[in-house]
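Heavy atoms only: backbone and side chains are in, while hydrogens, waters and symmetry mates are out. Protein chains get the first letters and strands the later ones, always in sequence-line order, with residue 1 at the start of each. Note that the coordinates shown come from a computational prediction; the quantities given were computed from them, not determined experimentally.
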There are 2 protein chains.
Amino acid sequence: MDTRERLIASTRELLWERGYVGTSPKAIQERSGAGQGSMYHHFRGKPDLALAAISRSAEELRGRAEAEFSGPGTTVERISAYLRRERDALKGCPVGRLTQDPDVMADPDLRRPIEETFAWLTDRLAGLLAEGRANGELDTGLNPASTATALVAVLQGGYVLARAADSVDVYALAMDGALGLLTAHVR
Amino acid sequence: MDTRERLIASTRELLWERGYVGTSPKAIQERSGAGQGSMYHHFRGKPDLALAAISRSAEELRGRAEAEFSGPGTTVERISAYLRRERDALKGCPVGRLTQDPDVMADPDLRRPIEETFAWLTDRLAGLLAEGRANGELDTGLNPASTATALVAVLQGGYVLARAADSVDVYALAMDGALGLLTAHVR
DNA sequence: GTCTATACACCGATAGAC
DNA sequence: GTCTATCGGTGTATAGAC
């Protein structure tokens with residue numbers, strides 16, 4: 001990995017662990033092994049580097065989700081696989097955690113990848129639910145848009161509860177609850 | 001409000017808006033109108049003040065939730081009232097947002113009120129669901145513990161999605177989805 | 001109780017040598 | 001491309017006068 005990539009990788013880790021305000025150029029330099037001058041040669045400053053890091057994380061998240069969504073099985077099985085996928089629940093969501101960072105949300109450039117990721121995710125899930133409803137797998141009474149939003153929310157909230165309880169089991173419990181509720185709509 | 005209370009109130013606001021790392025003693029002093037010496041007279045330092053602020057916020061959250069839980073109506077109506085209560089969804093949860101703060105979670109004293117609040121909340125909701133199941137209001141197949149966890153998660157995640165989309169409507173949509181799923185279990 | 005002065009490390013960046 | 005030097009501002013206090 002070249003210096004530029006190491007800088008991005010280290011920034012992604014630090015943003016995940018400590019958020020934007022909690023991440024200093026100095027910490028990024030130390031973790032990446034790059035010097036001061038090196039960092040400012042490759043990036044114009046902290047926001048520029050953060051943009052590269054956030055975009056990369058958002059891209060990766062979508063890629064992994066898409067793999068699950070377009071995998072084998074019924075729509076409910078694919079949604080279940082996505083929700084139950086092994087996650088580092090105590091670390092939280094590398095994209096979702098940034099919504100709590102006022103300096104990120106105040107910068108349209110930094111905000112965009114986050115907004116787009118959740119819009120895409122909710123939309124993709126709504127599509128799967130609509131597909132399941134259309135092919136008779138799911139109840140006709142189920143609303144794809146609101147249900148999809150609730151499912152993404154339960155995922156993000158599961159991270160919050162797991163961190164609060166310091167237990168990955170709480171994340172799994174939240175997914176059990178959500179899927180238990182959804183299953184009642186399976187014909 | 002005396003100086004001590006103003007310091008706590010300002011710290012609560014700042015922790016809500018900017019988190020622990022994003023909140024400086026200087027900012028607290030400016031917002032509260034208290035001077036440097038005044039702040040360090042009433043509190044030993046930032047962690048001490050944060051503990052007072054977090055405890056207060058946690059207490060208030062429980063009080064408001066309990067008002068909804070012990071209010072009128074069926075168990076599902078009370079849960080619905082709680083989830084749909086008017087909230088400043090774009091500001092996020094004053095307690096839940098702190099789970100993203102590594103310095104808060106690393107300090108057992110600061111962490112405790114957060115952990116306790118979510119444990120209480122989930123437990124209280126599970127009790128309501130169990131009650132609804134026992135009195136025939138809800139499906140016997142519904143698992144109170146996992147469902148309660150999912151409901152608290154959807155609430156916390158609703159805040160995340162609302163901030164990501166910069167829209168309170170997304171929060172409401174998540175609640176619609178969750179209640180839509182729950183309603184299928186109402187006999 | 002509140003004020004001002006002081007301290008020292010870190011933040012985020014720029015300049016210029018190599 | 002990377003290094004070191006330097007910069008003004010902030011973070012988080014402590015000390016001591018009033």
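- Chain B approaches DNA chain C within less than 4.0 angstrom (heavy atoms of the protein), and the contacting nucleotides run 5' to 3' from C/dG1 to C/dT4.
- A salt bridge links A/Glu68 and A/Arg85; the closest N-O separation between the charged side-chain nitrogens and carboxylate oxygens is under 4.0 Å.
- Taking OG from A/Ser167 and CG from A/Leu173, the interatomic distance works out to 8.5 Å, rounded to the nearest 0.5 Å.
- Distance B/Tyr40 OH to D/dA15 C1': 13 Å, rounded to the nearest Å.
- Side-chain contact check for A/Glu131 and A/Thr75: no donor-acceptor pair (N or O, by modelled atom type) lies under 3.5 Å.
- Salt bridge annotation for B/Glu116-B/Arg111: absent, with no cationic side-chain nitrogen under 4.0 angstrom from a carboxylate oxygen.
- Taking each heavy atom of B/Tyr20 and B/Ala50 in turn, the nearest pair found is CE1-CB, 3.5 Å.
- Atoms CG and OH, from A/Leu151 and A/Tyr82 in turn, are 10.0 Å apart once rounded to the nearest 0.5 Å.
- Note on A/Leu98: it does not cluster hydrophobically with B/Leu90, by side-chain heavy-atom contacts below 4.5 Å among ILVMFWY residues.
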Protein-to-nucleotide contact annotation, 5' to 3' order, nucleotides 4-11 of chain D [B base; S sugar-phosphate only; - none; under 4.0 Å, heavy atom]: B-----SS

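- With values rounded to the nearest 0.5 angstrom, A/Glu17 atom CD is found 9.5 Å from A/Arg97 atom CZ.
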